[in-house]
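Here is the structure we will look at.
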Amino acid sequence: MSDEKTLEIVNKIFKNVFGRENHNSLDEILEKFAFDIKLPKKVRDSVTNEITWADSINSGKYITLENMQAKDQKDGWMVEKREVNNLEDLVRIWNSINLTTTERVYDSENVAKSDTIYGCENVYRSTDCRGSKNMIFCDSCGSSEFLLASQRSGSSSFCIRTDDSKDCSNSYNVVCSNKIMNSFFIQDCFDLYECIFCSHIASKKYCIANMQFEEEEYFLIKNSIIDWILNS
């Protein structure tokens, strides 16, 4: 997926969450919102030296899924039997063929700089995502769409920094919560609509810091908080 298409998706997410246009570059988005997300790292294919993206960077030797499959079809991965005098010989032979496969993308389309993606569409710099669309800088999310800088969450849409949560929408910075809509900075909550800075409460709306507000005064405060988030 191109950077331009990725920024289009980011802009749609911003409009739904903040009601504002995004004016950040992808590098700025990464630094500001996805700084702590486990994302694929840039490495090089050990065979072609081309840049590729890996979820695991422990081995130091890599090959893209495409190049691995091409070699398998052309030459196969078996090697001729040779004399082995000790364990070191075996390990040396194994190391010659033991390349970590990168950019593992299955039954998906329009995926860039990602690894371990299953049944997804429009994915950028993400890992371990399944059955989702329009995912940017995400880790371990499923059955979702239009998520940015989110991890271990599912069944959600138009969210930024949603962690360990499900059934959330149009929200920012939601942690360990369920059924959250149009809310910011929520932790360990259930069934909230238009709430900010709330923890450990359920079935509320127009609350800020667990205090009940009138709708009009709530939105005045919310607008100032949006300014603070985007300009800090």
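Excluded from the calculations below are hydrogen atoms, water molecules and symmetry mates; all remaining heavy atoms, backbone and side chain alike, are included.
Between D164 and R152, at least one side-chain N (NZ, or NE/NH1/NH2) sits under 4.0 Å from a carboxylate O, which counts as a salt bridge. The residues D227 and R20 are annotated as salt-bridged, a charged nitrogen and a carboxylate oxygen being separated by less than 4.0 angstrom. The residues K179 and D167 are annotated as not salt-bridged, no charged nitrogen and carboxylate oxygen being separated by less than 4.0 angstrom. A salt bridge links R130 to D128: at least one charged side-chain nitrogen sits closer than 4.0 Å to a carboxylate oxygen.
In plain terms, the two heavy atoms of Q151 and D36 that are nearest each other are OE1-O, 4.4 Å. The minimum heavy-atom distance between S126 and M135, with the atom names listed, is OG-O, 3.7 Å. When all heavy atoms are compared, the tightest approach of I186 to S177 is CG2-OG, 3.8 Å. Between V43 and A54, the shortest heavy-atom distance links the atoms CG2-CB, 4.0 Å. When all heavy atoms of C120 and S108 are compared, the closest pair comes out as N-OG, 2.9 Å. Across all their heavy atoms, Y172 and V17 have their closest contact at CB-CG1, 3.9 Å.
For E21, the side-chain contact (heavy atoms from CB on, under 4.5 Å) test picks out N11, K15, H23, with sequence neighbours left out. Under the rule for a side-chain contact (heavy atoms from CB on, under 4.5 Å), the partners of S171 that lie at least two apart in sequence or sit in another chain are C159, V174, I180, S183.
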Practice item. Tell me, with the steps shown, if I63 and T100 meet side chain to side chain contact (heavy atoms under 4.5 Å, CB included). Key: CA-CA 6 Å; I63 187 170; T100 298; over 6 Å; no
**Study point:** Check against side-chain hydrogen bond (donor to acceptor under 3.5 Å, both in side chains), S157 and E145
**Key:** CA-CA 5 Å; S157 62; E145 61 178 357; 5.1 Å; no
Check your understanding: Would I196 and K222 count as a side chain to side chain contact (heavy atoms under 4.5 Å, CB included) if you check the C-alpha gap in whole Å, the side-chain angles of each, and the deciding distance to 0.1 Å?
Key -> CA-CA 8 Å; I196 304 172; K222 180 177 181 177; 3.7 Å; yes
Check your understanding: Do R44 and I51 pass the side chain to side chain contact (heavy atoms under 4.5 Å, CB included) test, and can you show the C-alpha distance, the side-chain angles, and the key distance before you say yes or no?
Key -> CA-CA 5 Å; R44 287 193 177 273; I51 290 174; 3.6 Å; yes
Check your understanding: Could you walk me through whether N182 and E194 pass the side-chain hydrogen bond (donor to acceptor under 3.5 Å, both in side chains) check?
Key -> CA-CA 5 Å; N182 296 37; E194 289 292 357; 3.2 Å; yes
Exercise for review: Run the numbers on L148 and I29 for side chain to side chain contact (heavy atoms under 4.5 Å, CB included), then give the verdict.
Suggested key: CA-CA 9 Å; L148 170 62; I29 291 289; 3.8 Å; yes
Practice item. List the steps, then state whether side-chain hydrogen bond (donor to acceptor under 3.5 Å, both in side chains) holds for E66 with T64. Key: CA-CA 5 Å; E66 181 179 359; T64 67; 5.3 Å; no
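Distance CG/D139 to CG/L147: 12.0 Å, rounded to 0.5 Å. To the nearest 0.5 Å, atoms CD (E103) and CG (D115) are separated by 7.5 Å. Here the straight-line distance linking atom CD1 of I9 with atom CG of N110 works out to 7.5 Å at 0.5 Å rounding. Rounding to the nearest 0.5 Å gives a distance of 9.5 Å between CD1 of I136 and NZ of K5. Rounded to the nearest 0.5 Å, atoms CE (M1) and CG (N122) are 5.5 Å apart. Distance check, rounded to the nearest 0.5 Å: CD1 of I13 to OG of S150 gives 8.0 Å.
Put simply, the side chain of L7 reaches to within 4.5 Å of the side chain of N22, judged on heavy atoms. The side-chain heavy atoms of K166 and S153, taken from C-beta on, include no pair separated by under 4.5 Å. Between Y62 and D45, every side-chain heavy-atom pair lies at or beyond the 4.5 Å cut-off. The shortest side-chain heavy-atom distance between I229 and F185 falls under the 4.5 Å cut-off. With a 4.5 Å cut-off on side-chain heavy atoms, P40 and D55 do not count as touching. Looking only at side-chain heavy atoms (C-beta outward), I160 and N173 stay at 4.5 Å or farther from each other.
In the hydrophobic clustering of ILVMFWY residues, with side-chain heavy atoms under 4.5 Å counting as a link, L30 and W53 come out apart. Neither M181 nor F190 shares a network with the other; the hydrophobic side chains, linked directly or stepwise wherever heavy atoms of I, L, V, M, F, W or Y lie under 4.5 Å apart, form separate groups for each. Under the 4.5 Å side-chain contact rule for hydrophobic residues, L39 and F35 do not share a cluster. Connection of L220 to W228 is not established within any shared hydrophobic cluster, with ILVMFWY side chains joined at heavy-atom distances below 4.5 Å, either directly or through further cluster members. Linking ILVMFWY side-chain heavy atoms closer than 4.5 Å, directly or via other members, places I221 and F18 in a single hydrophobic cluster.
The side-chain hydrogen bond (donor to acceptor under 3.5 Å, both in side chains) contacts involving residues 68-88 comprise nothing, where partners must be two or more places apart or lie in separate chains. Counting only residues at least two apart or on different chains, the ring pair (Phe, Tyr, Trp, His ring centres under 6.0 Å) pairs with a member in residues 133-156 are Y124-F137, F146-F158.
Side-chain contact of T127 with T116: a donor-acceptor pair under 3.5 Å is present, judged by distance alone. Judged purely by distance below 3.5 Å, without hydrogens or angles, the side chains of N67 and E50 pair a donor atom with an acceptor atom.
In this structure, S132 contributes its side chain and S144 its backbone to a donor-acceptor pair below 3.5 Å. The backbone N or O of S232 lies less than 3.5 Å from a partner atom in the side chain of K32, making a donor-acceptor pair. The backbone N or O of R125 sits less than 3.5 Å from a side-chain atom of S114, completing a donor-acceptor pair.
Using the six-membered ring where Trp is involved, Y118 and Y106 have ring planes that are parallel, under 30° apart on the 30 and 60° scheme.
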Donor-acceptor contacts, no H, no angles, side chain residues 92-99, under 3.5 Å, sequence neighbours left out:
residue	atom	partner	partner atom	Å
R92	NH1	D89	OD1	2.7
N95	ND2	V91	O	3.4
S96	OG	I93	O	2.5

Quiz: residues 197-205 side-chain donor-acceptor pairs under 3.5 angstrom, not counting sequence neighbours:
residue	atom	partner	partner atom	Å
H200	ND1	D188	OD2	2.7
S203	OG	D191	OD2	3.0

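No more than 12 heavy atoms of other residues, nucleotides or ligands lie within 6.0 Å of CE in M78, so this atom counts as exposed by the packing criterion. Enclosure of atom CG in D107 is not indicated, since only 12 or fewer non-hydrogen atoms of other residues, nucleotides or ligands lie within 6.0 angstrom. Atom CD of E217 sits in a crowded spot, with more than 12 heavy atoms from other residues, nucleotides or ligands closer than 6.0 Å.
Ring-centre distance between F33 and F14: below the 6.0 Å cut-off. Checked against the 6.0 Å centroid threshold, Y218 and Y206 count as a close aromatic pair.
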